[in-house]
Amino acid sequence: MQSSQKNTLSDIYKKISSVVPEIEWKVHAPLIEKINKLKKDKNAVILAHNYQTPEIYHGVADISADSLALAVEASKTTADIIVLCGVHFMAETAKLMNPEKKVLIPDMSAGCSLASSITGEDVRMLKEKYPGVPVVSYVNTSAEVKAETDICCTSANAVKVVESLGVEKVIFLPDYYLANYVQKNTKVKIISWQGTCIVHEKFTAKEIEDIRKENPDIKIIAHPECPPDVISASDFAGSTSNMSEYVKKNQPKKVLLVTECTMSDNVQIENPNVKFIKPCNLCPYMNKITLQKIYDCLKNESNEIKISHNIAAMARKSVQRMTTIGR
Ligand code: 13P
Ligand code: SF4
């Protein structure tokens, strides 16, 4: 997790100049200045996911992190307004953790292929089919799905959450590949759903093996939303923050992060001695968030997340239960 220091504009540019060309910086700089001033005036906090672009991640975010840390940080903030730079389910989770606060998302249409792969009705149908089997849902789900869930998890704690239940069988949804990853690491029987992430499902083992052949000294680190043969072809698998901690700690000469490629820019800035190989798969939803949209939503306090009282009360329990388990 990264917390922003009170940097000047020139400090910020010095930091990101290796990945942001000067011509783009000229457009970003005035917006960064306006957003940072507005944040102070309105006592707002900006929470950003690790996939946000460097000018957001290093320029305006107070906290940048993986989904688990964003949920935890949302519950701790003393700000009046939270602007969640990430996708809709992350903003909904922040609202669940902090119902009294105003939670804004710069673009309401920033969705997620996993979250849209399953509805509350689907979960009710699964519970009928497997009576008494607890439901573990990835946080990449709507509040409606979380409301039907016993406990949430993220990629940082999925195995630990499943094992915390002390049962023989769980329904684990919606990510088919994450379910497969969990199944490889636990004796608990996993009943899965067919959701996939449109970014991670594109990676292939052949692509990974070819990169390793060309770069024999490389470390390859994959997100558990990748297909199983991609994870097997990698050296390590973990959540986005676990991936960046791995690089920070091990300082490999060369690295490939098998995940949304914007994150490589952010991690590269923090690890200037590591060479990054970057096959580029972008998340079209994460990329909807821009400085201009952040400025507009904070200025107008628009795009506020609202969750109906009944759904929120039930969904909150499954997220809170997860946060007591930790990483
Ligand atoms: P993390 O929880 O690892 O940050 O992942 C969230 C996500 O959406 C990955 O695609
Ligand atoms: Fe959803 Fe995949 Fe985008 Fe993450 S990268 S937000 S899982 S579509």
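Remember, predicted model here, so these are calculated numbers, not experimental data. First listed ligand is number 1; within each ligand, the first listed atom is number 1. Just so you know, residue 1 is the first one in the sequence shown, and it goes up from there.
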task = Please work out whether any backbone atom (N, CA, C, O) or any side-chain heavy atom from C-beta onward of N140 is under 4.0 Å from ligand 1, and answer side chain, backbone, both or neither.
result = side chain

request  = Give the cluster check for V60 versus L298: same hydrophobic cluster or not, with ILVMFWY residues linked at side-chain heavy-atom distances below 4.5 Å.
outcome  = yes

key: C197 N/O/S atom closer than 2.8 Å to atom 1 (Fe) of ligand 2   = no

key: Contacting atoms of ligand 1, where contact means under 4.0 angstrom from a heavy atom of Y51   = 9 (C), 10 (O)

inquiry  = D296 and side chain to side chain donor-acceptor pair (under 3.5 Å): which single residue from Q292, K299, K293 fits?
reply    = Q292

Polar side-chain atom of D11 near backbone of T8 as donor-acceptor pair, under 3.5 Å = yes

Check: S155 N/O within less than 3.5 Å of ligand 1 N/O = yes

request  = Considering the heavy atoms of N140, write down every atom of ligand 2 situated less than 4.0 Å from one of them.
outcome  = 7 (S)

ask   = Are C112 and C197 close enough that their SG atoms are less than 2.5 Å apart?
value = no

request  = Walk me through it: do K184 and Y181 pass the test side chain to side chain contact (heavy atoms under 4.5 Å, CB included)?
outcome  = CA-CA 5 Å; K184 286 208 166 115; Y181 173 78; 5.8 Å; no

ask   = Below 3.5 angstrom, do we get any N/O pair linking T154 and ligand 1?
value = no

inquiry  = Check for me whether E225 has a heavy atom closer than 4.0 Å to any atom of ligand 2.
reply    = yes

ask   = Would you call M243 a ligand 1 contact, heavy-atom distance under 4.0 Å?
value = no

ask   = Among all protein non-hydrogen atoms, which one is nearest to atom 1 (Fe) of ligand 2, and what is the separation to 0.1 Å?
value = C112 SG, 2.4 Å

request  = Check ligand 2 against S113 and write out every atom of the ligand that is under 4.0 Å from a heavy-atom position of the residue.
outcome  = 8 (S)

Within-4.5 Å side-chain heavy-atom neighbours: C226 and T259 = no

query = Any non-hydrogen atom of M286 lying under 4.0 Å from ligand 1?
reply = no

Close-contact set for ligand 2 against L114 heavy atoms, below 4.0 Å = 7 (S)

query = So, are E245 and K248 salt-bridged, with charged N and O less than 4.0 Å apart?
reply = no

key: Salt-bridge contact E121-R124 (side-chain N to carboxylate O under 4.0 Å)   = yes

ask   = Purely on distance, is any nitrogen or oxygen of T240 under 3.5 Å from one on ligand 1?
value = yes

query = Which is it for H223 and ligand 1 at heavy atoms under 4.0 Å: side chain, backbone, both or neither?
reply = side chain

Side chains of I81 and L104 in contact at under 4.5 Å (non-hydrogen atoms) = yes

